[in-house]
Amino acid sequence: MTTTTLSNVDYNVPIQNRYFEDYVPGSVYVYGSITMTERDILRFAGEFDPQNIHTDPEAAEGGPFKGLIASGWHTASVMMRLYADHFVSKVASLASPGVDESRWVRPVRPGDSLSIRTMVQEARVSRSKPDRGIVHTAVEVLNQRGEPVLTVTAMNILLRRVPQR
């Protein structure tokens with residue numbers, strides 16, 4: 001699967017050379033896209049989220065969304081793929097302590113093409129381990145019309161380029 005940078009701006013260094021210092025608060029990037037097929041939606045939901053609105057197109061027609069929709073967890077998985085492919089450092093990422101404020105704000109339907117918009121909200125050096133920092137990033141998953149379908153605040157722990165003692 002190939003995903004691309006959709007914005008005119010990208011980091012000054014490639015993802016394989018990106019460290020904590022490269023994540024500057026206020027920076028916004030757009031990456032994507034992945035198209036959600038009915039087959040993919042049915043496969044994912046059948047294995048991980050077996051609810052009629054995700055697994056049975058006929059039953060979903062009479063449901064609250066008037067048609068088949070992707071599992072929110074499927075949408076979150078697509079977000080993670082785009083986030084890992086384009087945003088998270090390949091050399092400095094240590095872990096993520098979690099995410100905050102995850103919201104599914106619009107249904108995702110077969111044929112929707114998803115991208116992500118990231119905005120670095122905060123980057124601070126760890127007080128207890130000065131060789132690394134914590135980056136907070138607002139992530140929006142957007143459909144092909146630019147409408148948010150999922151929002152989340154991600155946290156990542158990243159090594160600093162030049163460790164401080």
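For clarity, every value in this text was computed on a predicted model and none was experimentally measured.
A continuous path of ILVMFWY side-chain contacts below 4.5 Å connects Ile41 to Met80, so both sit in one hydrophobic cluster. With hydrophobic clusters built from ILVMFWY side chains whose heavy atoms lie under 4.5 angstrom apart, Ile15 does not share a cluster with Phe20.
Residues Ile34 and Leu82 have side chains in contact (heavy-atom distance under 4.5 Å, counting atoms from C-beta outward). Here the side chains of Ser126 and Arg132 are in contact, with some heavy-atom distance below 4.5 Å. Annotation: side chain of Val78 is not in contact with side chain of Val141 (no heavy-atom distance under 4.5 Å). The closest side-chain heavy-atom distance from Pro57 to Leu42 is below 4.5 Å. The shortest side-chain heavy-atom distance between Leu68 and Pro110 falls under the 4.5 Å cut-off.
What you find for Gly46 and Thr55 is that their closest heavy atoms are N-CG2, 3.9 Å. Here the closest non-hydrogen pair linking Ala123 and Val135 is CB-CG2, 4.2 Å. In plain terms, the two heavy atoms of Ser33 and Ser113 that are nearest each other are OG-CB, 4.3 Å. Of all non-hydrogen atoms in Phe44 and Ser71, the two that sit nearest each other are CE2-OG, 3.9 Å. The two residues Lys90 and Asp85 come nearest to each other via the heavy atoms NZ-CA, 4.0 Å. Listed here is the closest heavy atom pair of Ala70 and Met36: CB-CE, 3.8 Å.
Every residue meeting the ring pair (Phe, Tyr, Trp, His ring centres under 6.0 Å) condition with Tyr23, not counting sequence neighbours, appears here in chain and number order: Tyr11, Phe87. Taking Val139 as the reference, Met79, Tyr83, Ile116, Thr118, Thr137, Val152, Ala154 meet the side chain to side chain contact (heavy atoms under 4.5 Å, CB included) condition, with sequence neighbours excluded. Every residue two or more places apart in sequence or in another chain was checked for a salt bridge (Lys or Arg N to Asp or Glu O under 4.0 Å) with Asp56, and none qualifies. Take Asn17 and apply the side chain to side chain contact (heavy atoms under 4.5 Å, CB included) test, not counting sequence neighbours, and it matches Val13, Pro14. Considering only residues two or more places apart in sequence or on other chains, Thr37 meets the side chain to side chain contact (heavy atoms under 4.5 Å, CB included) condition with Arg39, Asp40. For Arg145, the salt bridge (Lys or Arg N to Asp or Glu O under 4.0 Å) partners two or more places apart in sequence, or in a different chain, are Glu147.
If you run side-chain contact (heavy atoms from CB on, under 4.5 Å) between Leu114 and each of Leu142, Thr75, Leu150, Thr35, only Thr75 comes through.
One distance of note links NZ of Lys66 with CD of Glu61; it measures 9.5 Å at 0.5 Å rounding. Atoms OG and CG, from Ser93 and Asn156 in turn, are 5.5 Å apart once rounded to the nearest 0.5 Å. Residue Asp49 holds its CG atom at 11.0 Å from NE2 of His74, rounded to the nearest 0.5 Å. From Arg43, atom CZ reaches atom CD of Glu38 across 13.5 Å, with rounding to the nearest 0.5 Å.
For residues 99-108, the set of pairs meeting the side chain to side chain donor-acceptor pair (under 3.5 Å) definition, not counting sequence neighbours, is empty. Residues in residues 134-154 take part in no ring pair (Phe, Tyr, Trp, His ring centres under 6.0 Å) pair, two or more places apart or across chains. Pairs passing the salt bridge (Lys or Arg N to Asp or Glu O under 4.0 Å) check and including a residue from residues 135-144, sequence neighbours excluded, read Arg117-Glu140.
In the hydrophobic clustering, where aliphatic and aromatic side chains (Ile, Leu, Val, Met, Phe, Trp, Tyr) are joined below 4.5 Å either directly or transitively, Ile69 groups with Ile53, Phe65. Clustering of Ile, Leu, Val, Met, Phe, Trp and Tyr by side-chain heavy atoms under 4.5 Å joins Val91 with Tyr19, Leu94, Ile134, Ile157, Leu159. Summarising the hydrophobic clusters (Ile, Leu, Val, Met, Phe, Trp, Tyr; side-chain heavy atoms under 4.5 Å, direct or chained), the residues clustered with Val24 are none.
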> Passes salt bridge (charged side-chain N to carboxylate O under 4.0 Å, His left out), Glu21 versus Arg160? Steps please.
Replying inline: CA-CA 6 Å; Glu21 293 82 359; Arg160 293 177 73 190; 3.6 Å; yes
